[in-house]
Amino acid sequence: MSGVILFDGVCNFCNGSVQFILKRDAGYFRFASLQSEAGQRLLNDHQMEPRLDSFFLIENGRLFIKSTAALRVCRHLKGAWKLFYILLIIPKSLRDFVYDMIAKNRYKWFGKQESCRIPSPGEKERFLE
């Protein structure tokens with residue numbers, strides 16, 4: 001069993017988050033940029049409109065989005081990061097309000113790349129495409 005994370009491939013914050021997860025994940029997650037064919041196909045399979053302003057997690061056949069996806073990812077990370085999963089008790093509307101503020105300003109605050117990141121040879125098997 002594994003989870004698939006879909007992320008904005010040109011967003012510096014999103015790419016930094018992928019790097020963060022890769023360093024703390026024991027191999028549970030695979031990744032696809034939202035701009036990739038694999039990412040678009042997975043969103044389509046879950047009847048989700050393509051959106052670049054969200055972070056998605058597909059786990060056990062279910063699609064999770066925004067703060068719920070991020071906190072469910074924490075559950076699988078090594079170390080104390082697992083503790084962030086408990087923040088799911090905070091109402092989704094409040095969690096997603098904070099999430100949306102970051103998502104809305106992510107390019108302004110963190111910048112963006114001209115193209116999607118290319119996984120290193122050691123990471124390649126973790127990326128779908």
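Only this structure's heavy atoms are used, side chains among them; waters, hydrogens and symmetry mates stay out.
Sequence neighbours left out, the pairs with a member in residues 14-38 that pass salt bridge (charged side-chain N to carboxylate O under 4.0 Å, His left out) are Asp25-Arg126. A salt bridge (charged side-chain N to carboxylate O under 4.0 Å, His left out) check over residues 68-91, counting only residues at least two apart or in different chains, returns the pairs Glu59-Arg72, Glu59-Arg75.
Side-chain atoms of Phe127 and Val18, non-hydrogen and from C-beta on, do get closer than 4.5 Å to each other. Inter-residue side-chain proximity for Val73 and Phe84 is flagged as unmet; no heavy-atom pair is nearer than 4.5 Å. Side-chain contact between Gln113 and Asn12: present, with at least one pair of heavy atoms (C-beta onward) separated by less than 4.5 Å.
In this structure, the separation between OG on Ser54 and CG on Leu6 is 10.5 Å, given to the nearest 0.5 Å. For the atom pair NE2 (His76) and OG (Ser2), the distance works out to 10.0 Å, reported to the nearest 0.5 Å. Atom CZ of Phe13 is separated from atom CZ of Phe7 by 13.5 Å, given to the nearest 0.5 angstrom. With rounding to the nearest 0.5 Å, the separation of CD in Gln35 from CG in Asp8 is 4.5 Å. To the nearest 0.5 Å, atom NZ of residue Lys104 and atom OH of residue Tyr99 are 15.0 Å apart. Going from atom CG of Leu34 over to atom CG of Leu42 covers 10.0 Å, rounded to the nearest 0.5 Å.
When each of Ile21, Ile58, Leu128 is tested with Ile5 by the rule side chain to side chain contact (heavy atoms under 4.5 Å, CB included), just one qualifies, namely Ile21.
Leu94 is connected to Leu87 through a chain of hydrophobic side-chain contacts under 4.5 Å among Ile, Leu, Val, Met, Phe, Trp and Tyr, so both are in one cluster. Linking Ile, Leu, Val, Met, Phe, Trp and Tyr whenever their side-chain heavy atoms come within less than 4.5 Å puts Tyr28 and Leu88 in one cluster. Connection of Tyr85 to Phe55 is established within a shared hydrophobic cluster, with ILVMFWY side chains joined at heavy-atom distances below 4.5 Å, either directly or through further cluster members. Each of Leu77 and Ile86 belongs to its own hydrophobic cluster when Ile, Leu, Val, Met, Phe, Trp and Tyr are linked at side-chain heavy-atom distances under 4.5 angstrom. Grouping the Ile, Leu, Val, Met, Phe, Trp and Tyr side chains by contacts below 4.5 angstrom, directly or via other members, places Tyr107 apart from Phe110.
The two residues Cys11 and Arg106 come nearest to each other via the heavy atoms SG-CD, 3.4 Å. Heavy-atom minimum distance, Glu49 versus Leu43: O-CD1, 4.3 Å. Here the closest heavy-atom approach between residue Ser33 and residue Ser36 is recorded as O-OG, 2.7 Å.
In terms of the side chain to side chain donor-acceptor pair (under 3.5 Å) criterion, residue partners of Asp96 (sequence neighbours excluded) are, by chain and number, Ser67, Lys92.
Between Phe29 and Phe31, the two ring planes are tilted [angle within 30° to 60°].
Atom CZ of Phe20 has more than 12 neighbouring heavy atoms from other residues, nucleotides or ligands inside a 6.0 Å radius.
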